[in-house]
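Below, each value reflects all heavy atoms present in this structure, side chains not excepted, and no hydrogens, waters or symmetry copies. Count residues from 1 along the sequence.
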Amino acid sequence: FEILKATRLLKLISIRCPFLFGGENDIEEMARQGTSNIARAAVLDFENIDERSVAMISHSVMKDIFEYYKAKGTSQLMRAIIVMPSPQILMLKEKQKIIASEMQSMLKELSKYGVGFVLGAERLIDIDPAIRDQCEAVINIVGGNDISVQLKNRKGYRALIRPLLSRQT
């Protein structure tokens with residue numbers, strides 16, 4: 001009964017305010033290739049949004065990305081990269097744990113379809129062990145432009161990175 005009540009309420013809201021939910025995510029536009037060798041980026045800015053909304057939007061977009069690339073089939077080539085500047089979205093509390101666990105399972109599956117991910121964190125311990133296990137590389141900033149790179153099942157090494165070509169203002 002409660003599910004039907006919620007469904008009716010959402011349907012009513014959708015009728016009264018048709019643009020409230022915004023429609024579907026345009027993953028095809030997000031995934032469209034750039035010209036020649038220049039990559040494109042689709043950026044979602046969650047700066048002034050509460051944690052629950054961020055979880056729901058992130059889950060919706062990731063699910064659509066998953067379905068889009070799954071329909072394209074498996075690939076050994078890198079088709080896309082999902083960059084998450086914080087691991088918090090994958091380590092939600094209480095009621096959002098279902099969303100976080102589904103997102104973790106999608107990240108595991110996405111590699112089959114040529115989609116990788118980058119996850120930023122202050123400390124390695126902040127990342128869930130299930131996610132850490134599927135990482136192919138861990139990059140740590142030692143200082144300035146000096147980094148350490150640890151590839152899975154290989155000896156670690158140090159590298160100097162070049163300065164950025166552009167700066168954000």
Margin query: Does Leu160 have more than 12 heavy atoms from other residues, nucleotides or ligands lying within 6.0 Å of its CG?
Written below: yes

Notebook entry, point to check: Closest heavy-atom contact between Ala159 and Asp146?
Noted result: O-OD1, 3.4 Å

Next item on the list: Give, for atom CG of Leu44 and atom CD1 of Ile57, the distance between the pair rounded to the nearest 0.5 Å.
Entry: 8.0 Å

Notebook entry, point to check: After noting the C-alpha distance and the side-chain angles of Asn140 and Ile147, does the key distance pass the side-chain contact (heavy atoms from CB on, under 4.5 Å) rule?
Noted result: CA-CA 6 Å; Asn140 292 304; Ile147 63 167; over 6 Å; no

Item checked: Spatial distance of atom CG (Leu107) from atom SG (Cys135) [nearest 0.5 Å] -> 9.5 Å

Check: Do Phe117 and Gln134 have side chains that get closer than 4.5 Å, going by heavy atoms?
Finding: yes

Checklist line | Interatomic distance, Phe66 atom CZ to Ser105 atom OG [nearest 0.5 angstrom] | finding: 7.5 Å

Checklist line | Nearest non-hydrogen partners of Asp133 and Lys152, listed with the distance | finding: O-NZ, 2.5 Å

Check: Would you find a donor on one side and an acceptor on the other, under 3.5 Å apart, between the side chain of Ser58 and the backbone of Ala55?
Finding: no

Item checked: Hphob cluster co-occupancy, Ile141 + Tyr157, side-chain heavy atoms under 4.5 angstrom -> yes

Item checked: Taking every non-hydrogen atom, the tightest pair across Arg132 and Leu124 -> NH1-O, 3.1 Å

Margin query: I'd like to know if the side chain of Asp45 reaches the main chain of Glu47, judged simply by a donor and an acceptor atom lying under 3.5 Å from each other, with no hydrogens or angles considered.
Written below: yes

Margin query: Taking the side chain as everything from C-beta on, heavy atoms only, tell me whether Tyr113 gets closer than 4.5 Å to Tyr68.
Written below: no

Check: Of the non-hydrogen atoms in Val142 and Ser148, which two are nearest, and what is the gap between them?
Finding: CG2-N, 3.9 Å

Next item on the list: Carefully, step by step, assess Val115 and Ile81 under the rule side-chain contact (heavy atoms from CB on, under 4.5 Å).
Entry: CA-CA 5 Å; Val115 180; Ile81 298 175; over 6 Å; no

Note to self: Are Leu119 and Ile131 packed together at the side-chain level, in the sense that at least one heavy-atom pair is separated by less than 4.5 angstrom?
What the structure shows: yes

Item checked: Joint cluster assignment, Val118 & Met78, ILVMFWY side-chain distance < 4.5 Å -> yes

Next item on the list: To the nearest 0.5 angstrom, please state how far the CD atom of Glu136 sits from the CG atom of Leu151.
Entry: 8.5 Å

Note to self: Could you report the tightest heavy-atom contact between Ala130 and Gln104, atom names first, then the distance?
What the structure shows: CB-OE1, 4.3 Å

Item checked: Ionic contact status for Lys70 with Glu67, cut-off 4.0 Å -> no

Check: So with a 6.0 Å cut-off around CD of Glu29, is the heavy-atom count from everything else above 12?
Finding: yes

Next item on the list: Taking Gln150 for its side chain and Arg154 for its backbone only, find out whether a donor-acceptor pair lies under 3.5 Å.
Entry: yes

Next item on the list: Please assess Lys72 against Arg79 for the test side-chain contact (heavy atoms from CB on, under 4.5 Å), listing each intermediate value before the final yes or no.
Entry: CA-CA 10 Å; Lys72 288 187 165 285; Arg79 292 176 168 163; 3.5 Å; yes

Item checked: Partners meeting side chain to side chain donor-acceptor pair (under 3.5 Å) with Asn145 (sequence neighbours left out) -> none

Next item on the list: For the pair Lys63 (side chain) and Glu102 (backbone), establish whether a donor and an acceptor sit closer than 3.5 Å, ignoring hydrogens and angles.
Entry: no

Next item on the list: Would you give the length of the straight line joining atom CE of Met62 to atom CD1 of Ile99, rounded to the nearest 0.5 angstrom?
Entry: 11.5 Å

Item checked: Arg158 side-chain N/O to Val149 backbone N/O, donor-acceptor pair under 3.5 Å -> no

